[in-house]
Structures are given as structure tokens and as C-alpha cells.
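Single-structure report; data block below.
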Amino acid sequence: MASDDLRATRLEKADQLRQQGLTPYGYRWAVTHHAAELQDKYADLAAGAEVEVVVSVAGRIMARRVFGKLAFFTLQDETGQIQLYLDKKAIEVSMSDDSQAFDRLKQLTDVGDWFGATGTIKRTEKGELSVKVQSYEILTKSLQPLPDKWHGLTDIEKRYRQRYVDLIVNPEVRDTFRKRALITAAIRRYLDRQGFLEIETPVLQAEAGGADARPFVTYHNTLDMQLYLRIATELHLKRLVVGGFERVYEMGRIFRNEGISTRHNPEFTSIEMYQAYGDYQDMMTTVEELIVTAAESVLPSLKIQYQEQAIDLTPPWRRITMQDVVQEQTGLDFRQFDSLAAAKTAAKAAGIRDIEGCDSIGRLLNEAFEQKVEATLIEPTFITDYPVEISPLAKPHRSEPGLVERFELFIVGRETANGFSELTDPVDQRQRFEAQAARKAAGDLEAHGVDEDFLMALEYGLPPTVGMGMGIDRLVMLLCDCASIRDVIAFPLLKPEASEVEPEKS
RNA sequence: GGGUCGCUAGCUCAGCGGUAGAGCACUCGGCUUUUAACCGAUUGGUCCUGGGUUCGAAUCCCAGGCGACCCA
């Protein structure tokens with residue numbers, strides 16, 4: 001039967017409910033128990049045994065097995081499933097003023113309907129824990145058929161486009177989003193205990209900054225001005241430290257106008273945190289604690305499995321400088337090079353590709369790191385002491401010229417967190433902004449202009465401060481063993497289907 | 001950006017040049033211990049879209065759309 005016919009049949013059933021004086025769209029149901037709670041509480045109840053306790057449950061009908069004078073429904077709520085035992089005689093006794101109570105179950109309910117039931121506990125002869133129903137109500141009539149009860153919904157595109165259907169029929173999807181909520185809650189609890197305040201900063205900004213990324217552009221009508229969606233929360237959180245907040249953070253949505261892949265969604269969630277008086281060594285320890293806390297909120301052990309790979313999150317994690325780890329993997333000692341030409345020659349000999357555009361030894365070092373090292377960093381590893389050229393907001397290293405006090409955390413070959421002792425010298429910061437602005441002027445779409453107000457804030461004085469940013473989606477992917485970022489974002493961005501596209505105005 | 005693969009009933013899929021199919025779901029009938037309930041009978045199609053080749057296209061070719069995976 002075609003989709004429209006299935007829908008028409010269900011609309012007709014809704015009308016029949018109205019003719020019986022009932023509404024297909026109820027108002028309230030007093031739930032006393034959830035499925036998982038009952039399954040747990042009566043786990044030891046013997047087959048065939050009954051308990052004379054009245055419970056009330058509600059959920060979606062996921063399966064119907066109807067006999068002449070007996071029916072079994074599988075009811076699914078947020079926690080799990082429980083069977084409803086629907087006995088014609090029992091229902092006719094307890095709903096004696098409703099002569100159609102049992103026939104209505106057979107004729108006017110469908111898989112997908114929301115349903116409330118009150119009754120007693122009974123484990124059937126076949127061993128299935130059930131609610132032996134005394135009274136019930138159809139709470140919401142569903143007009144759309146659910147996917148195949150056995151094969152479920154496997155079409156990946158349809159799962160993302162109609163996530164609500166995915167959530168109905170794939171319990172592991174519900175589990176991922178439950179874990180995501182537990183992870184973000186655990187992170188906020190941890191930071192709260194450490195004395196951090198969450199302060200919200202603007203999404204709409206006159207000048208995007210704080211990262212190298214193309215921004216989304218939007219427009220404010222009344223002010224008649226172009227605005228950008230933020231690509232980072234960094235510059236505003238640091239203004240708050242200037243203002244006197246010693247520990248601040250924000251967990252929120254970031255927007256980057258870039259490609260879509262299994263690891264990139266144009267909007268994603270980051271956390272950035274700033275701590276006055278600390279340096280990058282302090283922050284590495286905090287990151288360890290933060291991620292361990294998040295992992296413990298959803299996993300039984302710190303020895304975890306990600307896509308067939310075993311990873312041990314037990315701290316402390318390895319800390320090694322970028323120069324040392326590159327030397328370890330390639331044999332190249334970047335401290336020895338006294339000219340860019342010499343470094344390029346050696347790098348080419350070591351098999352590092354596409355380095356013609358590198359205009360400094362520091363960028364070359366980073367290129368060598370990305371090509372030869374990143375993918376090998378499976379166990380959690382902090383890489384430290386980055387070249388200043390690729391770290392425009394980080395404080396110069398206290399003893400290593402040309403480097404900054406910065407770390408990035410890698411797990412399963414992916415950048416998971418990025419932090420540094422913050423640059424507090426406003427003159428130095430201005431020079432670095434101006435170097436960026438020059439790149440922007442030269443056509444680099446990921447570079448941004450000088451943020452004068454931020455420089456002004458630095459002139460009032462930023463105390464010694466360490467900051468850190470981390471992608472929440474990638475952390476959830478790691479802890480929930482998800483291969484694609486779309487598996488941890490409830491409604492990932494998709495191109496509209498052809499039929500949804502409005503015709504171009506010409 | 002490049003390559004490979006996919007798109008057929010509400011769902012999961014088969015069919016690969018000759019009348020569009022199966023299972024589940026739906027509809028009708030039967031059934032008081034099922035849990036992929038069962039038994040019987042029906043119903044259900046823009047074969048992603050548009051061109052082309054052909055006597056004939058879901059099938060072959062071209063272009064486009066959406067998606068997946070790999071590479072850069």
C-alpha cells in the first residue's frame with residue numbers, strides 16, 4: 001500500500017476514535033514507572049508470577065501481536081521496552097463502561113502510536129515481563145508508518161534527514177546523545193568545582209577572529225552592517241580575564257564556513273577556558289583531568305576502544321616537543337638548520353611534500369609534523385613548543401627563541417585540544433595581527449584583520465593567563481566510538497533534497 | 001577539487017535489454033501465551049531527474065541531483 005494510503009487509513013482511525021468520543025491527541029498521562037526501572041525491579045520475578053501492584057507506563061507502540069481475545073504490545077519509552085499484556089476479559093471488567101475497549105485495541109491502534117497503560121505486573125508463561133493492562137489511552141495517533149521492524153532504518157541519508165525516525169528505531173543512537181549530554185554535564189561540573197564561571201560571548205561579531213578559518217557572513221538590517229558568525233570564543237573570553245574574571249569558560253557553538261566531512265560540520269561545539277596566573281604546563285594537567293572526568297561519566301574504564309583501536313586514557317600522558325617528536329619520526333633535527341634553504345633540502349630528502357610555499361623554518365617544521373607524525377599519535381600525547389609563525393595568539397617561549405608555549409593534544413591521530421600561555425604583550429600582539437592582516441589583504445580567506453578593541457583590552461593588561469580550546473564533538477566521537485561527526489550531532493547540516501529547493505529567482 | 005560505489009513499494013532488498021518482484025508493514029478474515037507471532041486472501045510503483053541509443057530501457061550511454069567511502 002502506498003504511503004498516502006497508509007496515512008489515509010490512519011487518519012480514518014483517528015476519526016473513528018473521535019466518533020467514539022475519544023481524542024486521538026491526548027492531554028496528559030500520569031506515568032509512575034519507566035520500562036528500564038520495571039525490568040530492573042522485577043528482574044527476579046518467575047515466569048507465570050504476578051504482582052498485585054498497580055503501575056502506569058507510557059511510550060510508543062513498537063510491535064503488536066494480536067490474537068482474537070488477547071494481545072501483546074511492545075511499548076518503548078525513553079529508557080527501554082516493556083510488554084503490555086492485553087487480556088479481553090480483564091479489560092472488559094476494569095473498563096466496564098467502555099464496551100469497545102478491547103476491539104479498539106485491535107482495530108484502531110498501530111505501531112508508532114503513543115500509548116498510556118495502567119495495570120499490574122506479570123511475567124508471562126514465556127518469561128516476558130509485562131504490564132497486565134487494566135486501563136489504557138491512545139495518547140497520540142501516529143500517521144506515518146515506522147521502518148521495517150526487523151531491518152530497521154539503515155539508509156544513512158534518511159537517518160540524518162529524519163533523525164527522529166532514527167532515534168525511534170535505533171536505540172544505540174539514543175544512547176549516543178544521552179552520553180553526549182552526560183559528557184557535557186560532567187565537564188561543566190568539573191569546571192564548576194575548579195572555580196570556573198561560564199560566561200556567554202557574542203556569536204555575531206563585526207570582526208571574526210581567534211582562529212584561522214573562513215567565517216559565515218550575515219547582515220544586520222537596522223545597523224546596516226555586515227556581521228560574522230564567530231569562529232572562536234577566544235578573544236572575548238580573554239577580554240573577560242582583563243576585566244578581572246580569573247577563571248572563565250564557554251561551551252558553545254562555533255561556525256566555520258568550510259567543507260563537510262566525517263570530521264567536519266559547519267557548526268560544531270567547542271569549549272574554551274582561560275585561567276589567570278597559570279601556564280601551559282598547568283593546563284595540560286587540567287586537560288588530562290577534564291577528559292578523564294568526561295570519560296568516566298560514560299565509560300566503565302579508561303582503557304577504551306575506538307574503531308578497533310585500543311587506547312589507554314590513564315594519565316599522565318606523554319609530553320614531547322614538536323622538534324623532538326619530528327626528530328624521532330624523521331631523523332630531522334630542526335634546531336640545527338641555520339637557513340630555510342638548508343631545511344628545505346633536508347625535508348625534501350626526508351620525503352616531505354609540497355613545501356615550496358613554506359616561507360620559514362617554523363612552517364616547515366609544522367609541515368613535517370603534520371605529514372610524518374600526526375597520524376602516529378594514537379595514545380594521548382601532548383605535543384609542545386610550536387613555531388611562533390603558526391601561533392599568533394601564544395606567548396613566546398621563555399627559553400626557546402622562535403617557539404611559543406603551546407601544546408596540542410592528539411588522540412588516535414587527531415587534534416583533540418589546543419592550548420597555550422596567552423600572549424599578553426599588546427605591542428607583540430599588534431605585530432602578529434598586522435602580519436595576519438597582510439595575509440588577508442593578499443587573499444588568504446582564513447586570515448582576519450586587526451581587532452583594535454582586543455588590542456585595547458590587552459593594553460589595559462591581561463595577567464599571565466593560560467587558555468585551552470577543545471572540540472566537544474570530536475571528544476564525544478572518541479568516547480562513544482563514533483566514526484563520523486554526524487553520529488554525534490543530532491541534526492547535521494545536509495544539502496536540501498531537490499524537491500525542497502526553491503526555484504532560483506531570475 | 002579528483003576517484004569509486006549507491007539511489008527500485010512505507011522499510012529492507014532482488015531484478016541488469018523483452019509483462020516491475022520478494023519479505024516485512026498496511027487492508028480483510030481466523031486465532032487467549034506471543035515476542036521477526038502464526039494461518040489464509042488482498043493491496044501497494046515518478047524503478048532519483050532530464051536527455052539519448054533501441055522495435056523495446058529499471059537495465060546500455062550522456063548530463064544533472066542527493067548520499068556514502070577513499071584520496072588531495
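Chain A is the first sequence line, chain B the second, and so forth, proteins listed ahead of strands; every chain is numbered from 1.
Taking a pair as Watson-Crick or G-U wobble with both distances under 3.5 Å, RNA chain B forms stems of 3 or more consecutive pairs at B:1-7 with B:65-71, B:10-13 with B:21-24, B:27-30 with B:38-41, B:48-52 with B:60-64.
In this entry the distance linking CD of A:Glu12 with P of B:U27 reads 12 Å, nearest Å. Taking atom CG of A:Asp103 as the reference point, atom P of B:G30 lies 11 Å away to the nearest angstrom. The nearest whole Å value for the distance from the CD atom in A:Gln144 to the C1' atom in B:G10 is 8 Å. Rounded to an integer number of Å, the gap from CZ of A:Phe72 to P of B:C31 is 16 Å. As a whole-Å value, the separation of A:Glu370 CD from B:A72 C1' is 14 Å. To the nearest angstrom, C1' of B:C5 lies 14 Å from CG of A:Asp155. If you take NZ of A:Lys141 and P of B:C26, they are 10 Å apart, rounded to a whole angstrom. Atom CZ of A:Arg64 and atom C1' of B:C24 are 15 Å apart (whole Å).
The listed nucleotides are B:U32, B:A36, B:G67; the one nearest the side chain of A:Lys495 is B:G67. Listed nucleotides: B:C66, B:G10, B:U12. Nearest to the side chain of A:Glu157: B:C66. You'll find that the side chain of A:Arg161 is closest to B:G67, out of B:C31, B:G67, B:C26. Closest contact between the side chain of A:Arg486 and the listed nucleotides B:U33, B:G67, B:G10 involves B:G67. Taking every side-chain heavy atom of A:Thr262 into account, B:C69 is the closest of B:C69, B:U33, B:A36. The side chain of A:Asp354 lies closest to B:A72 when the candidates are B:G67, B:G23, B:A72. When distances are taken from the side chain of A:Pro147 to each of B:C11, B:U33, B:G67, the shortest belongs to B:C11. Listed candidates were B:C66, B:C26, B:U12. Nearest to the side chain of A:Thr9 is B:C26. For A:Pro145, the listed nucleotide lying nearest its side chain is B:G10; candidates were B:G10, B:G67, B:C11. For A:Lys89, whose side chain is taken as the heavy atoms from C-beta onward, the closest listed nucleotide among B:U12, B:U33, B:U32 is B:U32.
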Trace of the salt bridge (charged side-chain N to carboxylate O under 4.0 Å, His left out) decision for A:Arg65 with A:Glu128: CA-CA 13 Å; A:Arg65 295 176 291 281; A:Glu128 187 71 37; over 6 Å; no

I would like to know whether A:Arg432 and A:Ser391 meet side-chain hydrogen bond (donor to acceptor under 3.5 Å, both in side chains); could you show each step before the answer? CA-CA 9 Å; A:Arg432 299 207 210 167; A:Ser391 315; over 6 Å; no

Does the salt bridge (charged side-chain N to carboxylate O under 4.0 Å, His left out) test come out yes or no for A:Lys440 and A:Glu207, once each step is laid out? CA-CA 13 Å; A:Lys440 182 182 184 181; A:Glu207 179 75 61; 3.8 Å; yes

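Here the side chains of A:Pro147 and A:Lys158 are not in contact, with every heavy-atom distance at 4.5 Å or above.
Toward the 5′ end of RNA chain B lies the nearest nucleotide of A:Thr154, the other residue of the pair A:Gln107 and A:Thr154 mapping further downstream. If A:Asp87 and A:Leu146 are placed on RNA chain B by their nearest nucleotide, the residue sitting closer to the 5' end is A:Leu146.
Under the 3.5 Å distance criterion, with hydrogens and angles disregarded, a donor-acceptor pair is assigned to the side chains of A:Arg180 and A:Thr269. Judged by distance alone, the side chains of A:Thr321 and A:Asp324 do bring a donor and an acceptor atom under 3.5 Å apart.
Between A:Asp110 and the options A:Lys13, A:Arg104, A:Arg7, a salt bridge (Lys or Arg N to Asp or Glu O under 4.0 Å) holds for only A:Lys13. Of the options A:Thr124, A:Ile121, A:Leu129, a side chain to side chain contact (heavy atoms under 4.5 Å, CB included) to A:Tyr85 is made by A:Thr124 and by none of the others.
Atoms CG and CG, from A:Leu143 and A:Asp113 in turn, are 9.0 Å apart once rounded to the nearest 0.5 Å.
Between the P atoms of B:U4 and B:G45, the separation comes to 36 Å (whole Å). Comparing the C1' positions of B:U54 and B:U59 gives an interatomic distance of 13 Å, to the nearest angstrom. Distance noted for atom P between B:U8 and B:A58: 15 Å (whole Å). Nucleotides B:G44 and B:G6 have their C1' atoms positioned 25 Å apart, rounded to a whole Å. B:A14 and B:A72 have their C1' atoms separated by 37 Å, given to the nearest Å. Comparing B:G23 with B:A57, their P atoms sit 29 Å apart, to the nearest whole Å. If you take atom P in B:G17 and the same atom in B:G52, they sit 22 Å apart, rounded to whole Å. Only the C1' atoms considered, B:G3 is 48 Å distant from B:U42, to the nearest whole Å.
Residue A:Lys149 has a polar side-chain atom (N or O) positioned under 4.0 Å from OP1 or OP2 of B:A25.
For residues 128-167 of chain A, the set of pairs meeting the ring-ring contact (aromatic ring centres under 6.0 Å, His included) definition, not counting sequence neighbours, comprises A:Phe115-A:Tyr136.
The residue A:Val66 sits close to a base: some heavy atom pair falls under 4.0 Å. Using a 4.0 Å heavy-atom distance criterion, A:Lys158 is classed as a sugar-phosphate-only contact. A:Thr74 comes within contact range of no nucleotide atom at all, as no heavy-atom separation falls under 4.0 Å. No engagement by A:Lys106 is indicated, since no non-hydrogen atom pair under 4.0 Å with the nucleic acid exists.
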